[in-house]
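Everything on this sheet refers to the single structure shown next.
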Amino acid sequence: MLNINREKLTNLASGDMKKQRNILAVLAVLLLLGGIACLANPVASGIVVSAIVGVLLILSGVGAIVSILSTTIYTGWSRLFGFVIGIIYCIVGYAFIKEPLQGLIAMAMVIAALFIIGGVIRLYAGIQQIKSAAGWMQIIIGILDLFIAYLLIGNGPITSIALLTALIGIELIFSAFGLFSLLSLLKRKD
């Protein structure tokens, strides 16, 4: 998440701002292209997403192991626990790379579980505030969360993969447009 406000924008030198605009423009275009690719071909894009997640998990695991072994902050059980977590990250990352479709299905299940938890919490909060408009909005969003979870779980693996990749694609496109709007603010600053 970008934390940029007008005060920070005014403190940037023009040379720094031009560098940042170029980096943001490239990032925005890449996000937009990635989002379009996810929507255009969800299964192929899903395999790429699974491979990227696998590589990131392996890097996180290796980083955790190196951190555990190179510092003296961790001792005893915390060192063993951190080392085991690092190994688990590496194994899961390898599984995502080796079996990308299974990795995507696992991601869809985890995201569906998060939608279920979020939906139940929103429904509970909405029932607690039922007399206000905010309560009804919480109930509606809770029902939508549960519906999305049903779509992720209840319609077979290919549908789960396609929906997950479509959600990722939509997120990438919205992020790209957010960066494009930030770029327009930076251009007006000149």
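Residues take their numbers from the sequence shown, with the count starting at 1. Note that these values count all heavy atoms, side chains included, but never hydrogens, waters or copies made by symmetry.
Between Gly103 and Ser50, the closest heavy-atom pair is CA-OG, 4.3 Å. Val62 and Cys90 make their closest contact through N-SG, 3.8 Å (heavy atoms, listed as atom of the first residue, atom of the second, distance). Contact detail for Ile161 and Val43: the closest heavy-atom pair is CG2-CA, 4.4 Å. Thr165 approaches Cys38 most closely through the heavy-atom pair O-CB, 3.5 Å. Heavy atoms only, all atoms of each residue included: Ile111 and Leu164 are closest at CD1-CD1, 3.2 Å. Between Ile47 and Leu101, the closest heavy-atom pair is CG1-CD2, 4.0 Å.
Cluster annotation: Leu167 is not connected to Val110 through the hydrophobic network of ILVMFWY side chains, with a link wherever side-chain heavy atoms come within less than 4.5 Å. In the hydrophobic cluster analysis, where Ile, Leu, Val, Met, Phe, Trp and Tyr join through side-chain heavy atoms closer than 4.5 angstrom, Val66 is grouped apart from Tyr89. Linking Ile, Leu, Val, Met, Phe, Trp and Tyr whenever their side-chain heavy atoms come within less than 4.5 Å puts Leu151 and Ile143 in one cluster. By the rule that hydrophobic residues join a cluster once side-chain heavy atoms approach within less than 4.5 Å of another member, Ile168 and Phe177 end up as members of one cluster. Using a 4.5 Å cut-off between side-chain heavy atoms of Ile, Leu, Val, Met, Phe, Trp and Tyr, with links allowed through other members, Leu33 and Val48 fall into different hydrophobic clusters.
Taking CD1 from Ile105 and CD from Glu99, the interatomic distance works out to 10.0 Å, rounded to the nearest 0.5 Å. Of the inter-residue distances, the one linking Asn41 atom CG with Ile36 atom CD1 reads 13.5 Å to the nearest 0.5 angstrom. Interatomic distance, CG of Leu163 versus CD1 of Ile148, reported as 7.5 Å (0.5 Å rounding). Residue Ile141 holds its CD1 atom at 15.5 Å from CZ of Phe147, rounded to the nearest 0.5 Å. For the atom pair Ile140 CD1 and Asp145 CG, the distance stands at 12.0 Å (nearest 0.5 Å).
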Using the side-chain contact (heavy atoms from CB on, under 4.5 Å) rule, take Met109 and Ser160 through it: C-alpha gap first, then chi angles, then the decisive distance, then the call. CA-CA 9 Å; Met109 297 303 121; Ser160 296; 4.2 Å; yes

Run the side-chain contact (heavy atoms from CB on, under 4.5 Å) check on Phe96 and Gln102 step by step: do they pass? CA-CA 7 Å; Phe96 269 75; Gln102 295 300 324; over 6 Å; no

List the steps, then state whether side-chain contact (heavy atoms from CB on, under 4.5 Å) holds for Ile116 with Ile153. CA-CA 11 Å; Ile116 290 170; Ile153 294 173; 4.1 Å; yes

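At a threshold of 4.5 Å between non-hydrogen side-chain atoms, the residues Ile97 and Leu57 do not count as touching. Within the 4.5 Å cutoff, the side chain of Ile65 has heavy atoms near those of the Phe83 side chain. Proximity of Phe115 to Leu146: side-chain heavy atoms (C-beta onward) are nowhere separated by under 4.5 Å. In this structure, the side chains of Leu31 and Ile173 stay at 4.5 Å or more apart for every pair of heavy atoms. When side chains are defined from C-beta on, Arg122 does not count as touching Ile139, because their heavy atoms never get closer than 4.5 Å. Taking the side chain as every heavy atom from C-beta outward, Gln138 and Leu123 never approach each other to under 4.5 Å. With a 4.5 Å cut-off on side-chain heavy atoms, Ile170 and Leu39 count as touching.
When atom types are taken as modelled, the side chain of Arg79 and the backbone of Leu69 share no donor-acceptor pair closer than 3.5 angstrom. At distances below 3.5 Å, at least one donor-acceptor pair connects side-chain atoms of Trp136 with backbone N or O atoms of Ile130. Judged purely by atom type and a 3.5 angstrom limit, Ser132 uses its side chain to pair as donor or acceptor with the backbone of Gln129.
Atom CZ of Phe180 has more than 12 heavy atoms from other residues, nucleotides or ligands within 6.0 Å.
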